[in-house]
Number of protein chains: 2
Amino acid sequence: MITTRATFPETTYAVLGLVDKVPGSSGYDLVAIADRSFAHFWPISQTLLYRELNRLAELGWVTAQRIDEGRSPTKWIYHTTPSGQAVLVEWLTKPAERISTFRSGFLLRFFFAHRILPETVSSLLTDYRAELTAQRDDFAALVDKLAHQSAPAARIGRLAALHGLRTAEARLQWADEAETELQQPTP
Amino acid sequence: MITTRATFPETTYAVLGLVDKVPGSSGYDLVAIADRSFAHFWPISQTLLYRELNRLAELGWVTAQRIDEGRSPTKWIYHTTPSGQAVLVEWLTKPAERISTFRSGFLLRFFFAHRILPETVSSLLTDYRAELTAQRDDFAALVDKLAHQSAPAARIGRLAALHGLRTAEARLQWADEAETELQQPTP
DNA sequence: GTTCCCATGTAACCCGTTACATGATTTT
DNA sequence: AAAATCATGTAACGGGTTACATGGGAAC
């Protein structure tokens with residue numbers, strides 16, 4: 001029994017979009033693809049992705065086709081249906097409202113740093129900078145890799161990666177700014 | 001009965017830190033202060049903040065003092081205990097690991113934009129730019145406001161706001177970059 | 001012959017959210 | 001007299017997580 005709902009979480013559409021983009025993939029494939037692609041700005045766990053696939057199939061937005069290769073468990077591959085595609089386009093067109101989230105464990109600690117010694121604040125910044133550097137290098141490598149691919153999807157992917165790269169770069173600069181500022185005595 | 005737990009969510013420490021930073025505040029006060037301060041990088045709802053205050057009191061990390069003003073409901077004000085302060089310092093010192101999260105509804109849609117017309121992608125970017133501009137202006141105003149205050153807490157707050165400002169600026173530049181790039185034909 | 005990869009799932013938990021309730025006091 | 005502010009809470013839900021289970025096939 002399918003209960004009609006007013007809205008679905010963004011993740012539902014994320015998985016729908018992925019099935020649409022990479023049709024004929026299994027859940028296992030999609031997990032791997034998601035991890036390499038949109039997980040950078042929309043993380044999703046394996047369990048949840050499987051749950052969303054079932055929901056999408058129940059809604060009739062994707063078809064689940066059984067592939068019998070004699071192995072266990074049975075492999076299933078997915079395709080978007082016309083109604084699923086319509087829903088996807090509608091979702092893409094409608095504005096995004098307030099669904100973006102940002103939580104920073106670093107900034108949270110930094111904000112309460114009055115409690116701790118200047119050296120500790122400095123080490124907090126060092127850790128953060130290390131994390132950002134790793135992020136920057138990862139994104140830079142991804143941008144570079146996708147720049148050499150000609151598929152239209154690679155273009156979008158490259159720009160998405162560039163978003164991460166630019167963000168990491170700006171925050172690294174901020175870390176420098178913050179460190180020099182904190183070294184100066186209070187006026 | 002207090003059950004001992006291995007770990008607590010970051011939000012627990014966020015509230016602990018806030019009580020420590022603004023001692024003698026009521027839950028109502030703390031909600032307002034949180035919304036104006038660390039909610040930018042660690043959002044928290046009123047219900048959750050109250051729940052965490054109760055947890056902190058049960059753990060003995062804060063004291064809850066009843067203020068009887070004859071009104072209803074009774075007002076309670078909070079102070080960190082020595083053990084609570086020790087826990088806070090320990091938390092601040094320990095590295096942050098993988099607790100930061102980032103989810104972007106815009107990037108998610110952008111990533112699946114192959115389905116839609118170029119004009120729609122462009123309008124997606126326009127909406128995003130508007131959101132970023134608002135963010136940038138908010139952070140810029142906050143940075144400016146805090147620059148004129150001399151309290152040590154204002155300095156940290158200003159730097160935290162600057163983090164948001166730099167991020168928004170970088171992403172606005174990215175939006176320009178992306179738009180010009182997408183206007184060029186595929187090679 | 002053990003370890004990695006394919007492939008799908010169950011169970012349990014809990015953080016965080018939204019909506020709502022209540023009532024006094026202060027402001028308009 | 002109405003609206004906003006002060007002040008604390010209950011109820012219900014669900015999205016997302018981690019840990020675990022299962023078992024065949026491929027690779028080393």
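Every chain is numbered from 1, with letters handed out A, B, ... down the list of sequences.
Rounded to whole angstrom, the span from the CG atom of B:N54 across to the P atom of D:dA7 amounts to 17 Å. Between the CG atom of A:L53 and the C1' atom of C:dT10 there is a distance of 16 Å, given to the nearest Å. Atom C1' of nucleotide D:dT8 and atom CD of B:E52 are separated by 16 Å, given to the nearest angstrom. To the nearest angstrom, C1' of D:dG15 lies 14 Å from CG of A:L49. Atom pair A:D35:CG and C:dC5:P shows a separation of 14 Å (rounding to whole Å applied). Here D:dG16 presents its C1' atom at 13 Å from CZ of A:R103, a figure rounded to the nearest Å. When the C1' atom of C:dC15 is taken as reference, atom CH2 of B:W42 falls 11 Å away, rounded to whole Å. Atom CG of A:L108 is separated from atom P of C:dC15 by 15 Å (rounded to the nearest Å).
Sequence order on DNA chain D of the closest nucleotides to A:T12 and A:S72 puts A:T12 first from the 5' end. Both A:K75 and A:T47 lie near DNA chain C, and the one whose nearest nucleotide falls closer to the 5' end is A:K75. Projected onto DNA chain D by closest heavy-atom contact, A:R55 and B:D29 fall at different nucleotides, the more 5' of which corresponds to B:D29.
Under a hydrophobic-cluster definition in which Ile, Leu, Val, Met, Phe, Trp and Tyr are linked whenever side-chain heavy atoms come within less than 4.5 Å, directly or via other members, A:L146 and B:F110 are assigned to different clusters.
In this structure, A:Y28 does not reach the C:dT8 phosphate: none of its side-chain N or O atoms is under 4.0 Å from OP1 or OP2. Here A:T11 reaches the OP1 or OP2 of D:dG16: one of its side-chain N or O atoms lies under 4.0 Å away. Close to C:dG9, at under 4.0 Å from its OP1 or OP2, lies no side-chain N or O of A:Y50. Between B:R51 and D:dA11 there is no side-chain N or O to OP1 or OP2 distance below 4.0 Å. In this structure, A:R66 does not reach the C:dA7 phosphate: none of its side-chain N or O atoms is under 4.0 Å from OP1 or OP2. The side chain of B:S45 contributes an N or O atom lying less than 4.0 Å from OP1 or OP2 of C:dT17.
Side-chain atoms of A:R71 and base atoms of D:dG23 include no donor and acceptor less than 3.5 Å apart.
Remark: A:K21 fails to qualify as a cation-pi partner of A:F38 under the 6.0 Å distance and 45° angle criteria applied to the six-membered ring.
Ring pair B:F102/A:H163 is parallel by interplanar angle, where below 30° counts as parallel and above 60° as perpendicular. Using cut-offs of 30° and 60° on the angle between ring planes, the pair B:F8 and B:Y13 is perpendicular.
Backbone-only contact: B:S26 has heavy atoms under 4.0 Å from sugar-phosphate atoms and none from a base.
Residues B:L18 and B:I33 meet the side-chain proximity criterion, which asks for heavy atoms closer than 4.5 Å.
Checking C:dT17, D:dA7, D:dT17 against every side-chain atom of B:L48, the shortest atom distance belongs to C:dT17. Checked against D:dT8, C:dC15, C:dT17, the side chain of B:P9 finds its nearest nucleotide in C:dC15. Nearest nucleotide to the B:Q46 side chain, out of D:dT17, D:dT8, C:dC15: D:dT8.
No hydrogens or angles considered: a donor-acceptor pair under 3.5 Å links the side chains of B:T11 and B:W42.
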